[in-house]
Amino acid sequence: MAFTTEAIHRLAALARLALTDAEAEQMAHELDGVFALLDRLQAAPTDGVEPLAHPLELTQRLRDDAVTEPDRRDALMALAPLAENGLYLVPKVIES
Amino acid sequence: MHSKRYEAVIGLEIHTQLTTRSKIFSGAATAFGAEPNRQVSWVDAALPGTLPVLNREAVACAIRFGLAVHGTIAPCSVFARKNYFYPDLPKGYQISQYERPVVSGGALTIRVGDGANAYQKTVHLTRAHLEEDAGKSLHEDFHGMSGIDLNRAGTPLLEIVSEPELHSAAEAVAYAKALHALVRWIGICDGNLQEGSFRVDANVSVRPRGATTLGTRREIKNLNSFRFLHQAIEYEIAWQIDQLESGRAIEQATVLFDPTKGETRVMRTKEEAHDYRYFPDPDLLPLVIPAEWIARERAALPELPQALAERFEASYGLSAHDAALIVSDKALADFFVATVEAAGVALAKPCANWLLVEVLGRLNKEERTIESAPVTPHQLAALVARVSDGTLSSTGGKQLLAAWWAGDTRSADELIDALALRQVNDTALLEQLVTEAIAANPKSVAEYRAGKEKALNAIVGAVMKASKGKANPQQVTELIRRALAS
Amino acid sequence: MNAQHPLTISQLRRAFAEGKTTPEAVARAACERAHALQPTLNAFITIADDATLAARLTELAGASQASGPLAGIPIAHKDLFCTTEFPTTAASKMLDGYRSPFDATVVARLKAAGAVTIGKTNLDEFAMGSANAHSHFGPCRNPWATDRIPGGSSGGSAAAVAAGIVPAATGTDTGGSVRQPAAHCGVTGLKPTYGLVSRWGMIAYASSFDQAGIFARTAEDCALLLQAIAGFDPLDSTSAAVDVPDYAAALAALATERPLSGWRIGVAQAFLAADGLQPAVRDAVLAAARCYEQLGATLVDVDLPRAELAIPAYYVLAPAEASSNLARYDGVRYGYRTAHDDDLFAMYSRTRAEGFGWEVKRRILMGTYVLSAGYYDAYYRKAQQVRRLISDDYCNAFAVCDLILAPVTPTTAWRIGEKSDPVEEYLADVFTIGANLAGLPAIAHPCGFDGAGLPIGAQLIAPHFGEAKLLAAVHAYQNATDWHRAVPPVAAW
């Protein structure tokens, strides 16, 4: 497999990572090497093998429906890069 | 219009907010209307190091829904991450269910249309899955920026997906209303459309009548009223037919409905569609629902609207229309059942009439719901009983209702006496009033005798007026006829 | 303190009990040492200032923690654990200056046991790396040879223990990030069973692999630390509801003569025959095997037929989870935000481009790719299937043995900057990743030195929740050997 810089730019846009063309080229080169390693998986016979998502294969525990969290607004707003009147501020959201 | 040559195919995806106290994956409150970001936990704000823990009640809601639609409740379902970037989505992914939803299949019987053209239809469901709601972007101007409120982020949702089996806006609305009634009925959603507790996405396509494959669909997002749902689908169907008639292909797209213009407009096309990169959420383990839990929820489930409507028709003799109307709302049905219990099954039909016409009429005029009605089922039952035994005329009944409505707390019998509502059945007194009325209305008498049947009404009216509404109108009519015939 | 040799937790407890020193003196000395060695090692991102330390010592003195099992023991936390006392950076510009409003469960439990945190240690950014070379705060250096890597990603913690700054430190192990730096720095490092220790407050790299771990000078100390942090946590859905055994009792129960009599230790011959395994490492691990035999254990050959698939499976699954876990760093609610925020897309893309380092970006793109439309089945699903096969291989191996002995790393610590190709660095995880794929507990302990005087580690792997056996075996080994007592020149004072 060979990654093109266009493919890297598309992927980077999906992941919201701005890359320069030089960076995209470098990344394409590195990912070519990495995926040569990862593609060793393809030879493994896995027909009928159930995918393993969690090492312990336990089941989900459930929480009682109770309000346990207080108002944290002041603490949260203090962490925010940009906030006003208790709201996080971001560049204008176009889509509704 | 070429609608005769085309068939619309519609499927609905409905997001219902579940009535839990706390969020689906955190202990923050879910109450509507709090100040921005005051119901946001560390988990909801996706602070580094936070992890989700599933709310049992949200799962119970999903089980109740699955039972109510006779769907299959998965013994093991899986939460997945739907990855996309949006400022109201704090983690950069939404926890949802993808390959293995908690409920699959099931069906809902709906009643479409009114009167002679009304028909029943069974709509099958594809699935229902649990997921978390996103926050809100506020578009008021903050120095050219948007404000983000995460209060809603993490509110539990059950997304209910129908098969594409609906063929008109009317069917889609009937289905949405039936589902709306059902989720309120089983107490899993408050159904408040204005507050966004019940949000509808409609997948709409059209195809030539008789075709077996589906046309290209467009998805109308976020319809928050039944009226908009109807308008948007009507518009969309007409628009799509127009495109095809003009030889243009439909492009798969997500659209928004603009209620002020009555039009849909494209939000994004297939090319711009997100690549959501779903995968099982490694922070959550498979959700296992044992049969005993399902059995417990089944035992606690109220009688469902469909079954109740059938019982109203079979045992109470109600029309299908009235029965459907009463079970469209749990509180209304509860009110009706209580009224009939107090009045007796023999009076079920007049109880339904008084409830649907007089009580509901007043409530609708005042834009109130049955929960806030100023009369109780017991009062309504007493009223119906007094009308049916002849103590009250229907006019008297309405006056009695008005008294209660105005806040009078006295019993029916006390008020009948206090307000002198008792219907006058005394023939001698009525005969005297009839004689006086005939004498006072020579013109009407002459017209009646000349064959104008309607002229009688004026004389009856005069007697009723003289009796202050207490005369029995049937009896009065009969007495006048007899007097004028002699 | 004027000790010639860094003390273990057990020795410190004795010294406190005998009144030979005080928690305050020990904590202040630890901070001083941390500062003194910072230019040489860069092991810390934050070192406790006087006020923070004083506040903690005051809190400790007045609380039940004063009699806790770790009362007054100075420790350091990998800067991936959220702490309210210190900033938490994950060694990333993205979180430079971030202060968590809550403590990680591991941090809270160690506090409750009486430990005194003297700082936050360096790591590979978001725990992604095997060298501690990818840190926004600069590389950490190996106390045994400061031109070499300490291993990663928990390099700072391993270096801080090796250099005698603290007797213990926390780490996290997603693909070997505790065991590998433990081996390179000549200390003992434990990665518990996935789910034994809560992940709440531990900044996520790859959620189905991440597990908190610990560094100390001895298995005995590891037992004390594990006792404090292990056990169910309602805040972590993947936390296992199991009874935590008494680890110290398991150690104490060992017989003095042939303590491992009846134990079967499996030796994975395929590991010892692996390409790229340095002869010195192989020899040291084989010597450790003979030592275990002398302690009474029986050596048996075990087969891990799919071991060579562990690296590709891990480097599909872990970056996939990471690509999603790191999506929250968007400049909206906390952390770094670009100045180029003209529109939403630019704000996201520039924030993340400026806030993340190259290794993190590469793994995010790898993960994004393997999850994207059309590739999920070929990579993600396939890797999950291979994960089950590898897990099954370990399960089969444990049918014939109690513990598996393996090298930790193919080589001793390499020079900073020596591995420029990411694949080379990924391949260094070959012996550690299996335990992460299968969620197994594993421990690394010193077992020798190479010709250049660099430490070599041996690894024992146990079935799920077999920590007591791991610790007991290494305790027996450490009672019989001196490798763990060796200290680098910088640690002698």
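Every heavy atom of this structure was used, including side-chain atoms; hydrogens, water molecules and symmetry mates were not. Chain A is the first sequence line, chain B the second, and so forth, proteins listed ahead of strands; every chain is numbered from 1.
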Might you point out which heavy atoms bring [X] and [Y] nearest each other, and give the distance in Å?
| X | Y | result |
| --- | --- | --- |
| Ala378(C) | Gln42(A) | O-NE2, 3.0 Å |
| Leu41(A) | Lys382(C) | O-CE, 3.2 Å |
| Pro312(C) | Arg40(A) | CG-CB, 4.2 Å |

Side-chain donor/acceptor pairs under 3.5 Å, residues 93-101 of chain C, sequence neighbours excluded:
| residue | atom | partner | partner atom | Å |
| --- | --- | --- | --- | --- |
| Arg99(C) | NH1 | Thr84(C) | O | 3.0 |
| Arg99(C) | NH1 | Glu85(C) | O | 2.9 |
| Ser100(C) | OG | Phe102(C) | N | 3.1 |
| Ser100(C) | OG | Phe102(C) | O | 2.7 |

At a heavy-atom separation under 4.5 Å, does [X] approach chain A through its side chain, its backbone, both, or neither?
| X | answer |
| --- | --- |
| Met366(C) | both |
| Tyr394(C) | neither |
| Leu427(C) | side chain |
| Tyr380(C) | neither |
| Asp330(C) | neither |
| Asp341(C) | both |
| Tyr329(C) | neither |
| Ala240(C) | both |
| Thr351(C) | neither |

With a 4.5 angstrom heavy-atom cut-off, is it the side chain or the backbone of Leu62(A) that approaches chain C, or both, or neither?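 No part of Leu62(A) comes within 4.5 Å of chain C.
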Tell me, side chain or backbone of Ala78(A) under 4.5 Å from chain C's heavy atoms, or both, or neither?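 For Ala78(A), neither part sits under 4.5 Å from chain C.
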Side-chain heavy-atom pair [X], [Y] within 4.5 angstrom cut-off:
| X | Y | value |
| --- | --- | --- |
| Leu76(A) | Arg333(C) | no |
| Leu52(A) | Gln385(C) | no |
| Tyr379(C) | Asp39(A) | yes |
| Val370(C) | Phe35(A) | yes |
| Leu17(A) | Phe356(C) | yes |

Rounded distance [0.5 Å steps], [atom1] in [X] versus [atom2] in [Y]:
| X | Y | atom1 | atom2 | result |
| --- | --- | --- | --- | --- |
| Trp358(C) | Gln26(A) | CH2 | CD | 5.5 Å |
| Leu235(C) | Arg63(A) | CG | CZ | 10.5 Å |
| Tyr369(C) | Arg10(A) | OH | CZ | 10.0 Å |

Using the side-chain contact (heavy atoms from CB on, under 4.5 Å) rule, take Val34(A) and Tyr315(C) through it: C-alpha gap first, then chi angles, then the decisive distance, then the call. CA-CA 9 Å; Val34(A) 169; Tyr315(C) 278 101; 5.6 Å; no
Interface residue of largest heavy-atom contact number with chain A, from [options], under 4.5 Å:
| options | value |
| --- | --- |
| Ala383(C), Ala327(C), Ser349(C), Pro422(C) | Ser349(C) |
| Leu365(C), Leu309(C), Val423(C) | Leu365(C) |
| Leu437(C), Thr238(C), Val386(C) | Val386(C) |
| Tyr314(C), Tyr334(C), Tyr336(C) | Tyr334(C) |
| Gly367(C), Pro234(C), Gly335(C) | Pro234(C) |

Taking every heavy-atom pair that is under 4.5 Å apart, which of Pro81(A), Ala12(A), Ala80(A) has the most such pairs with chain C?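 Heavy-atom pair counts peak at Pro81(A).
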Hey, which of Arg362(C), Arg363(C), Lys361(C) is the one that makes salt bridge (charged side-chain N to carboxylate O under 4.0 Å, His left out) with Glu30(A)?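 That would be Arg362(C); it is the only one of Arg362(C), Arg363(C), Lys361(C) passing the salt bridge (charged side-chain N to carboxylate O under 4.0 Å, His left out) with Glu30(A).
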Side-chain donor/acceptor of Arg352(C) to backbone N/O of Ala15(A), under 3.5 Å: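 Answer holds: yes.
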Determine whether a donor-acceptor pair (N or O, by modelled atom type, separation under 3.5 Å) exists between the side chain of Lys92(A) and the backbone of Leu344(C).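 No; zero donor-acceptor contacts below 3.5 Å.
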Other residues, nucleotides, ligands: >12 heavy atoms within 6.0 Å of Glu25(A) CD: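 No.
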Side chains of residues 53-61 of chain A: which donor-acceptor pairs under 3.5 Å do they make with residues two or more places apart or in other chains?
| residue | atom | partner | partner atom | Å |
| --- | --- | --- | --- | --- |
| His54(A) | NE2 | Pro282(B) | O | 2.9 |
| His54(A) | NE2 | Leu284(B) | O | 3.3 |
| Glu57(A) | OE1 | Arg388(C) | NH1 | 3.2 |
| Glu57(A) | OE2 | Arg388(C) | NH2 | 3.0 |
| Gln60(A) | OE1 | Leu285(B) | N | 2.8 |
| Gln60(A) | NE2 | Ser237(C) | OG | 3.0 |
| Arg61(A) | NH2 | Asp236(C) | O | 3.1 |

